Each structure stands twice: as structure tokens, then as C-alpha cells.
Novice: 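After the C-alpha cells below, expect a handful of questions from me.
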Amino acid sequence: MDIPLSTIAVVGLGTMGTGIAEVLARAGREVIGIDISDAAARHAVTALEASTARAVERERITEEERRNILARFRTFSDLQAAAEADLVIEVVPESYEAKQQVIRALDTIVRPETIIATGTNALSVTRLAADSARPERVLGLHFFNPAPAMKLVEVVSSVLTAPHAVEAVTVLARDLGKEPVAVGDRPGFVADGLLFGYLNQAAAMYEAKYASREDIDAAMKLGCGLPMGPLALLDLIGIDTARTVLDAMYAESHDRLHAPAPILKQLSEAGLTGRKSGRGFYTYEAPDSAAVVRDALTPLEAAQAAGGRPVASVGVAGSGTMASGIAEVFAKAGYDVVLAARGQEKAETAKSRIAKSLSRSVDKGRMTSEAREETLARITPAGSLDAFAEVDLALEAVAEDLEIKQQLFATLDKICKPGAVLATTTSSLPVVACARATSRPQDVIGMHFFNPAPAMKLVEIVRTVLTSDEVHATVREVTTRIRKHPVDCGDRAGFIVNALLFPYLNNAIKMVEEHYASLDDIDAAMKLGGGYPMGPFELLDVVGLDVSLAIEKVLHREFRDPGLAPAPLLEHLVAAGCLGRKTGRGFREYARR
């Protein structure tokens, strides 16, 4: 019996087309590669020869299997070669004119039952299908780069697509070892629809000189567990490609978050399109190289090395998980720590939590029993902030309420010695409002740790317009000494991570509200297509829907952008008490413990 869709033509043998051809040939399909460029066709063959040779060396396939794979891949320069295909996948340049020209030509070449798939990630599948003589057989089949490695395939239906065509390519995707996700026709579909809005905001953040490219990328990798930072990812995708996708998204949504940041246009028109040109946000060793080289914007290693105040003792205010975690981090790094709570009993309980955490580290072989005892001995629990009188750095991790924090800073101002650095761990409140509650705003700075503090490497260093250079240098030096990665940013809502993360999460909720895709499909798309460690709805339920709503409200209030308004579905769930894992129900239901 013949394999369904056994002969497949791939039109356009660039990076994506070549990758798709390899996936198909390895899965036993007869592959007809078509490109008007003989050089592109030769390159595709060479690439397949090289990748299969590596697979033989690594004993993933035999030499005979390699020969069979290569024999199944034939290249042509004429579209007429697609006549015998059961499925044609076009991956020509991302323009309506180019794609419509291919689809019109295929109408006169292929059999009536042959399925035509467009590989677009930005253009309307409906518009492309409507231009075909048989629109019911045209659909979207969106692979992700690199196609051999990435598991996600978005199967895109228009209102014109026949169900049997969708079923056939869905079965094919599974046969290829991919995870097909069914989506409707709108620019960016699911994965790119969420991803490119986030990338656009990161570009705008960099363009505004809010943070350096290195700090933006490090913040998202270390703060969210992403495999690449957004600016490095834009360079990999191609800045011109990203601009095309965003233009298409904005044309449909009119959402300002999708309006391409001007820097994308400037770089594109200057030919600085990323890795493929050798320069984009970063500079590369050569075109198509992944090796970043130093340029005029690369920070000097010793830029922040001098000018700080000595810090030997640290006060941590608070008794919750974050306060305990921060106290543990400082004590492990050799600092004497005063852990102050509202009452001695709460402080002792917080220290007990640290003791259990350290015991788990001993059990896992990460530290010795002696080191555990030494670390605990450096922590002094106290029932009052009066114990902070001699600390060099006082850091608060109390409730995320501005009035409470301002009262605390007013108290620290009276208690702490002159020259002590006063820091807040706020994730969403204005640091300058805390600073103004003191008589020494130049000594106040933000140190935003991420939860759990012992495990998470990132600390956002938030300086206000009043923070002194000396205090900034002190906190950067201390952050490095506690083995964390400091990133600098200014005092505005969300800082780096939350300002980029929560609009993305909000847009995912809007997709569900609009019945565009399911929770499961969106989560799968972002994990498989974007490399995210968790899907957006998994993450929302972990963070807490109430916490997420509060941050989104702060972002909306600060930036006044309608696109940042919290999704009504999120507000409804919070009002209903469905706050995520902590209540047993959020976007999903969880077993009670």
C-alpha cells in the first residue's frame, strides 16, 4: 500500500526549504526539490550529504540508510517537476507576489487532488488560497527553523480549506516525528504571533536605551529560562524577516505592540539583517557565523569594577520565601546576615526554613554539613528592624504594597548608619517612591531577585534618577560576589523581565478569549516552537493569576498602551478566586494536596 503523501515537492531551497527536504527524505518520502537557482539546489544537496554523513559518524543511521536518503532527494530548476507530487510545500521569499506566482503556476501543473501548502509565517493563507483555482486544497504548513530539530508544525486552515487536506498533512506531520498544532489563519499564527510581539518590545526597549543589548538578553535567558535572548534571536531569525512578520501582524491587529520598532526598519534598510549579513544587533565573525565579536557597543570587562562601598554585613527585612531565600544567598557567600521580621518568632521560623533548604543541599551533595552549619551561624534572626543599626546593606522583601514599603524605608532611614545602602526587591513598584520616603534617596536602589532566590541567577539592578554612582557600583559588586548575574535597568514598571514577559502572557490569554487556539495547543506551540521551558498558561498558573493581573495593571497604568490592558478572562478568573496552582484552579485544575 502506498504511503499517503509519498511524493512531496519543496519549492524554494533556502535554509528552511533544505531543512524540510531533509526531514521528508529521512522519513522515507520521495522529495522533489525545486529552485530557480542552481547554486541553491547544489547547496541543498551538499547540506543533506553533510548532515547524513554526521549521522553515520554518530551511528544514528547506517551507510546504506544514508545512500537511500540521498537517492530520495532530487533537485530541479523547473516547477514542472512538481507534476507527480502528492503535496507541494512552497517556501519561497515572504511576499504575496512571489507566493501567488508559484501557486498560480502550480494550478496548471499538479493533479487536481494534490495539496498545496504554503510555508508562510506572516502572510494570509486565505488570501493566498483565494488566488488559487482550487482554494480548498491550499493550506499553511509552518515548520520552525531548524526544521530537522524543531518539533512543532503549525497546520493552518483558512475558511476555504477542505478538512481532508488538513487531515492528510496532520498525519504526515506526525509521521515525520513532529507535533502538529491546528490553528486558524491570522498573521504569526500561534508561536510567531506571540513571539514576535515580545521580540518587537525588546527591540523598542533597546532602542530607548533603557538597557543594553547584553543585559536585555541575559535578563530573559536567566529570568525566564529561555535558550536565547530576544535580540540575539532577532539576529538569528533575520531582522528583515521579523519586520515583515510584524508589518503583517500590525496590518491586521492595529495593536501598537505589533507596530515594528523603528530600529528594525533602520537596521533592515542598512543591510544589517543579523547573522546572515554578519551584523545586526550584534556583530559576528562573518556572514552566517554564530560567533559574536567585540564591537563599539561591547561593555568593557572592568567597567563596573571600582568605586563601591565596603559591605560586610547585610540586613534582610521580611519573613516570607523571598526574604528567606535572599538571606540564604548572602550567608552562603560569606556575609553576616541579620534576618528581621515582625516578631522574633517569625524571624526564627524564617531561619528554620533556611536550615531545611540547606539540609536539602547537603542531602544532594551540593554542600557539606560543616558548610551548612557555618552558613546558618552567619544568620541572626531579629524581631525588630532596630537590629539593622550597623549593617552595610539593608534589603527589604516585604509585601508588594507601596505604602508598607514607604513606611519601612522611613524606618530604615532612622535606624541605619550613614553610608548604608538601602535596597528594595520590588518587582513592580517605583523604586524612587521608596527612596523619597528617606532623607537619603541617593543611597536607595532596587535589587530585584527572582524566585527561588537561591536557584535563580538573575538580579535586576534598578537605579533611580537619584541613586548615586557609588551605590550603583556597590550593589553590582555585591551581586557578583553572591554569584548572581547583575543587569542594569532604569526605574520603570516591569523593569526588563516583567515588562517583556507579561504582555506576552496577556496576548496568549487573548488568543484563548478569541477562540483562536486551545490552552494545550498554545502551551505546546511555545514550548516546541519557541524553546520556552513552560507554556504561557502553565507559567501563569505557577506565578499566580492575581500576581500576574497586578503586574499587568501596573504596566498598563505606566505605559498607557491599550494593548497592555489586562485580558478580561484573567480578571474574571481572579475575581472568581481561581488563582492558579495555589488555589487548585486557574487556567487548569490541579489536585489538592
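Given the structure is predicted, the values throughout are model-derived calculations rather than measurements.
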Novice: Between R309 and D443, is there a side-chain N and carboxylate O pair less than 4.0 Å apart?
Specialist: yes

Novice: Any Lys/Arg nitrogen of K510 or E514 sitting under 4.0 Å from an Asp/Glu carboxylate oxygen of the other?
Specialist: no

Novice: Under 4.0 Å between a Lys/Arg side-chain N and an Asp/Glu carboxylate O for R463 and D488?
Specialist: no

Novice: In Å and rounded to the nearest 0.5 Å, what is the CD1 to CZ distance from I461 to R476?
Specialist: 7.0 Å

Novice: Charged N to carboxylate O below 4.0 Å: is that the case for E558 and R492?
Specialist: no

Novice: Please give me the minimum heavy-atom distance between R481 and V311, naming the atom from each residue.
Specialist: NH1-O, 3.7 Å

Novice: Would you check, one step at a time, whether the test side chain to side chain donor-acceptor pair (under 3.5 Å) holds for H448 with S427?
Specialist: CA-CA 6 Å; H448 179 213; S427 63; 4.5 Å; no

Novice: Let me confirm one number: the CG-CZ distance from L195 to F144, rounded to the nearest 0.5 Å.
Specialist: 8.5 Å

Novice: Could you tell me whether a side-chain N or O of N506 sits under 3.5 Å from a main-chain N or O of A565, the two making a donor and an acceptor?
Specialist: yes

Novice: Between D386 and K414, does at least one N-O distance fall below 4.0 Å, as a salt bridge requires?
Specialist: no

Novice: With T479, which residues qualify under side-chain hydrogen bond (donor to acceptor under 3.5 Å, both in side chains), at least two apart?
Specialist: none

Novice: Which atoms form the tightest heavy-atom contact between S357 and E328, and what is the distance?
Specialist: OG-OE1, 2.8 Å

Novice: So which heavy atom on L236 is nearest to which on M228, and how close?
Specialist: CD2-SD, 3.7 Å

Novice: Could you tell me whether R378 and D336 make a salt bridge, using a distance below 4.0 angstrom between a side-chain N and a carboxylate O?
Specialist: no

Novice: Which heavy-atom pair separates V497 from G223 by the least distance, and what is that distance?
Specialist: CG2-CA, 4.5 Å

Novice: Looking at E538 and K527, does any basic side-chain N land under 4.0 Å from a carboxylate oxygen?
Specialist: yes

Novice: State, to 0.1 Å, how close A350 and L339 come at their nearest heavy-atom pair, and which atoms those are.
Specialist: CB-CD2, 3.6 Å

Novice: Could you check whether any side-chain N or O of N451 sits under 3.5 Å from a backbone N or O of M322, counting only pairs where one atom can act as donor and the other as acceptor?
Specialist: no

Novice: Between R588 and D523, is the closest basic N to carboxylate O distance under 4.0 Å?
Specialist: yes

Novice: Is there side-chain contact between S212 and L297, with at least one heavy-atom pair below 4.5 Å?
Specialist: no

Novice: When you look at T464 and T467, which way does the side chain to side chain donor-acceptor pair (under 3.5 Å) test go after all the steps?
Specialist: CA-CA 5 Å; T464 76; T467 305; 3.1 Å; yes

Novice: Report yes or no: do D413 and T438 form a side-chain donor-acceptor pair below 3.5 Å?
Specialist: no

Novice: When rounded to the nearest 0.5 angstrom, what is the spacing between CD in E460 and CZ in F450?
Specialist: 4.0 Å

Novice: Using the side-chain contact (heavy atoms from CB on, under 4.5 Å) rule, take L194 and I522 through it: C-alpha gap first, then chi angles, then the decisive distance, then the call.
Specialist: CA-CA 9 Å; L194 294 177; I522 293 172; 3.9 Å; yes

Novice: Kindly say whether the aromatic ring centers of Y504 and Y532 come within a distance under 6.0 Å.
Specialist: yes

Novice: Start with the C-alpha distance between Y590 and D541, add both sets of side-chain angles, then the distance that settles side chain to side chain donor-acceptor pair (under 3.5 Å), and finish with yes or no.
Specialist: CA-CA 10 Å; Y590 300 89; D541 279 352; 2.5 Å; yes

Novice: Spell out, as yes or no, whether a donor-acceptor pair under 3.5 Å connects the side chain of K351 to the backbone of I379.
Specialist: yes

Novice: Under a 3.5 Å threshold, yes or no: a donor from one side chain and an acceptor from the other, between Y282 and D217?
Specialist: yes

Novice: Restricting to non-hydrogen atoms, name the atom on T298 and the atom on E214 that form the minimum distance, rounded to 0.1 Å.
Specialist: CA-OE2, 4.0 Å

Novice: Check the pair R372 / S361 against side chain to side chain donor-acceptor pair (under 3.5 Å), numbers first and verdict last.
Specialist: CA-CA 9 Å; R372 174 189 181 276; S361 294; over 6 Å; no

Novice: Please tell me whether S352 and T349 have a donor and an acceptor in their side chains that are separated by less than 3.5 angstrom.
Specialist: no

Novice: Going through the distances and angles, do E403 and D401 end up as a side-chain contact (heavy atoms from CB on, under 4.5 Å)?
Specialist: CA-CA 6 Å; E403 188 176 344; D401 180 292; 3.4 Å; yes

Novice: Flag yes if more than 12 heavy atoms outside E513 fall under 6.0 Å of its CD atom; otherwise flag no.
Specialist: yes

Novice: How about CD on E285, more than 12 heavy atoms from neighbouring residues, nucleotides or ligands closer than 6.0 Å, or not?
Specialist: no

Novice: Go through the steps for V338 and V314 under the test side-chain contact (heavy atoms from CB on, under 4.5 Å), then give the verdict.
Specialist: CA-CA 6 Å; V338 178; V314 177; over 6 Å; no

Novice: Can you tell me how far apart CZ (R275) and CG (L233) are? Round to the nearest 0.5 Å.
Specialist: 9.0 Å

Novice: What verdict does the side-chain contact (heavy atoms from CB on, under 4.5 Å) test give for T426 and F495, after you've listed the backbone C-alpha separation in whole Å, the side-chain angles of each residue and the deciding distance to 0.1 Å?
Specialist: CA-CA 10 Å; T426 182; F495 312 136; 4.2 Å; yes

Novice: Answer yes when R213 and D235 have at least one side-chain N-carboxylate O distance shorter than 4.0 Å, and no when they do not.
Specialist: no

Novice: Quick one: are L152 and K178 in side-chain contact, heavy atoms under 4.5 Å?
Specialist: no

Novice: Applying side chain to side chain donor-acceptor pair (under 3.5 Å), which residue pairs with at least one partner in residues 542-557 are found, sequence neighbours left out?
Specialist: D546-K582

Novice: For residues N498 and S428, determine if any side-chain heavy atom of one lies less than 4.5 Å from a side-chain heavy atom of the other.
Specialist: no

